[in-house]
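First listed ligand is number 1; within each ligand, the first listed atom is number 1. In this chain, residues are counted from 1 in sequence order. The figures here come from the full heavy-atom set of this structure, side chains too, leaving out hydrogens, waters and symmetry mates.
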Amino acid sequence: MIPLASPLAQYRSHAVAIDDAIRRVLDSGQYILGHDVERFEGAFADFCGTVHAIGVNSGTDALALALRALDIGAGHEVITVSHTALATAAAIFETGATPVLVDVDPRNRTIDIAGIEAAVTPRSRAIVPVHIDGQAVEMDAVLAIAKRHGLKVIEDCAQAAGGRYQGRRLGALGDAGCFSFYPTKNLGAIGDGGMVVSSDPSLAGRVRRLRQYGWDERRRTNEAGFNSRLDALQAAILLAKLPRLDEANERRVAIARRYASGLAGLPLTLPAIRPGGEHVFHHYAVECDESQALFRYLAGRDIGAAACHRLPVHRHDGYATRVIVPPAGLPVTESLAARVLGLPIYPELNDADADRVVAAVRAFFTSGR
Ligand SMILES: Cc1ncc(COP(=O)(O)O)c(C=O)c1O
């Protein structure tokens with residue numbers, strides 16, 4: 001079986017460092033926050049090029065806490081995309097604000113810049129651009145609109161740890177960047193985890209208090225908070241893996257190149273790489289008129305493809321009536337939802353298995369239908 005992603009292969013390739021880290025934390029007796037979390041926060045801030053990093057319980061919490069720390073809540077609108085993980089919208093709901101969903105650009109699959117402009121109202125407070133599949137959003141355009149309308153920018157970097165835009169790490173461009181360390185992510189934990197990065201000291205300080213009941217350093221509060229702490233085991237594991245994140249992303253890019261040359265000429269739309277962006281290929285998502293048939297064909301050959309974002313946010317029953325969608329709808333998002341198929345991609349996927357995926361996709365188009 002060639003899986004879509006393989007946290008197990010990730011563990012095995014880092015086993016010595018991870019086992020050491022776990023043993024060290026077990027022997028330290030400090031299992032929540034503390035020294036290991038602070039070390040990882042420092043290393044991750046340096047990695048991203050921000051002043052602050054605050055470890056939290058998940059990527060969803062990272063987004064929700066960053067929004068709350070910017071005073072965004074009930075009565076406010078937050079502009080984002082529907083072509084994303086449900087978590088992006090769930091985090092906005094958690095604050096009491098309303099997600100305003102705009103379409104994506106068909107080539108890069110990231111937020112459509114004209115769509116943002118059209119979605120701004122007096123209630124708008126923030127934009128949450130999503131670096132979907134590892135593709136960098138056109139951040140200079142997003143930041144320019146935000147500046148013009150006085151909006152905050154919280155980058156959803158859950159799928160893009162290590163990616164860059166115009167040479168800067170994703171997460172360091174907006175007011176805050178939010179990461180998920182869900183095990184399949186480019187930097188994956190062995191459990192849940194998330195991070196808010198920012199160079200704004202007041203935003204960072206507030207997230208730090210909000211993640212633990214609202215406590216300050218003296219365990220006093222002047223506002224209510226939550227429990228969204230990162231645990232020391234996850235932090236130590238992530239710190240052990242961080243030095244090899246760039247190498248892991250380079251391997252993802254090499255697999256993407258192999259797929260691009262192997263799949264050329266087929267009736268598929270292959271992922272684009274935005275000029276100025278460094279894609280980190282969390283997903284390798286192709287578009288295909290027969291995506292469901294191709295999915296079944298690959299599954300029958302033990303290849304774990306998956307529909308990435310097949311059900312966009314505004315099509316989820318639990319969310320549909322609570323989000324704002326433009327009058328013209330979200331045609332590109334709808335088309336992607338019907339057509340996108342993610343092929344296996346993870347750093348430990350070897351060339352022979354990548355070639356097996358290519359051969360199976362080619363066989364589908366030449367003889368499998
Ligand atoms: C784009 C995006 N945003 C947010 C999240 C939320 O992360 P988590 O699952 O850690 O809460 C995810 C991960 O599922 C994601 O892919």
Side-chain angles (χ1 to χ4, degrees), residues 4-5 7 10 40 44 53-68 78-95 97 99 101-102 104 108-111 126-137 139 142 153-163 170-171 174 176-197 207 211 226-231 234-235 237-238 241 252 271 279-285 306-314 316 319 323 333 336-337 340 342 345-346:
L4 182 74
Q10 270 277 290
F40 176 52
F44 199 70
I54 306 103
V56 297
N57 189 259
S58 68
T60 310
D61 277 5
L63 288 164
L65 292 178
L67 288 165
R68 283 182 192 274
V78 175
I79 299 170
T80 189
V81 287
S82 192
H83 180 65
T84 182
L86 198 52
T88 311
I92 296 169
F93 279 133
E94 207 180 302
T95 69
L101 304 177
V102 305
V104 291
N108 297 299
R109 306 173 185 158
T110 54
I111 195 159
I127 306 169
V128 177
V130 182
H131 305 296
I132 197 77
D133 299 339
Q135 169 86 291
V137 170
M139 285 302 294
V142 170
V153 176
I154 316 276
E155 294 172 70
D156 183 337
C157 308
Q159 299 191 3
L170 302 180
C178 298
F179 292 83
S180 163
F181 303 126
Y182 186 81
T184 57
K185 297 293 195 256
N186 291 39
L187 182 62
I190 303 200
D192 270 315
M195 186 75 87
V196 179
V197 300
V207 171
R211 79 167 165 188
F226 305 85
N227 175 356
S228 182
R229 297 177 293 226
L230 183 63
D231 71 68
Q234 301 310 332
I237 290 165
L238 291 161
K241 291 178 75 175
R252 287 175 182 270
H279 204 312
V280 288
F281 288 98
H282 177 60
H283 291 129
Y284 188 89
C308 313
H309 320 302
R310 169 142 299 155
L311 206 54
V313 173
H314 69 289
H316 273 271
Y319 290 68
V323 296
T333 299
L336 285 173
V340 151
I345 192 158
Y346 49 92

For [atom], which protein heavy atom lies nearest, and how many Å away is it?
{"atom": "atom 13 (C) of ligand 1", "value": "Lys185 NZ, 2.8 Å"}
{"atom": "atom 9 (O) of ligand 1", "value": "Ser180 OG, 4.0 Å"}
{"atom": "atom 12 (C) of ligand 1", "value": "Ala158 CB, 3.6 Å"}

- [ ] Measure the distances from the heavy atoms of His131 to every atom of ligand 1 and state whether one is below 4.0 angstrom.
- [x]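 It does not, in that no heavy atom of His131 comes within the 4.0 Å cut-off of ligand 1.
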Per-atom contacts of ligand 1 with [X], taking only distances under 4.0 Å to non-hydrogen atoms:
{"X": "Thr84", "value": "1 (C)"}
{"X": "Val130", "value": "1 (C)"}
{"X": "Ser58", "value": "10 (O), 11 (O)"}
{"X": "Ala87", "value": "4 (C), 5 (C), 6 (C)"}

Open item on the list: Out of the candidates Thr184, Asn186, Asp133, only one should pair with His282 under the side-chain hydrogen bond (donor to acceptor under 3.5 Å, both in side chains) rule; please name it.
Closed with: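 That would be Asn186.
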Looking only at distance, does [X] have an N or O less than 3.5 Å from an N or O of ligand 1?
{"X": "Gly59", "value": "yes"}
{"X": "Asp156", "value": "yes"}
{"X": "Asp192", "value": "no"}
{"X": "Gln159", "value": "yes"}

Task: The single option from Val323, Thr84, Val313 passing side-chain contact (heavy atoms from CB on, under 4.5 Å) against Pro99 - done: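 Among Val323, Thr84, Val313, the one meeting side-chain contact (heavy atoms from CB on, under 4.5 Å) with Pro99 is Val323.
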- [ ] Inspect the surroundings of OH in Tyr182 and state if more than 12 heavy atoms from other residues, nucleotides or ligands are less than 6.0 Å away.
- [x]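 Open: at most 12 neighbouring heavy atoms sit under 6.0 Å from OH of Tyr182.
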Does the [X] side chain pair with the main chain of [Y], one donor and one acceptor, at a distance under 3.5 Å?
{"X": "Gln234", "Y": "Ile190", "result": "yes"}
{"X": "Ser82", "Y": "His314", "result": "yes"}
{"X": "Arg68", "Y": "Glu94", "result": "yes"}
{"X": "Arg211", "Y": "Val56", "result": "no"}

Task: Side chain to side chain, Asp156 and Leu63, heavy atoms closer than 4.5 Å - done: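 Yes, close enough: below the 4.5 Å cut-off.
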Open item on the list: Heavy-atom pairs closer than 4.0 Å: do any link ligand 1 to the side chain of Thr60, the backbone, both, or neither?
Closed with: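 The answer is both.
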Open item on the list: Can you tell me how the ring of Phe40 sits relative to the ring of Phe44, calling it parallel under 30°, perpendicular over 60° and tilted otherwise?
Closed with: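 Tilted: the ring planes of Phe40 and Phe44 meet at 30° to 60°.
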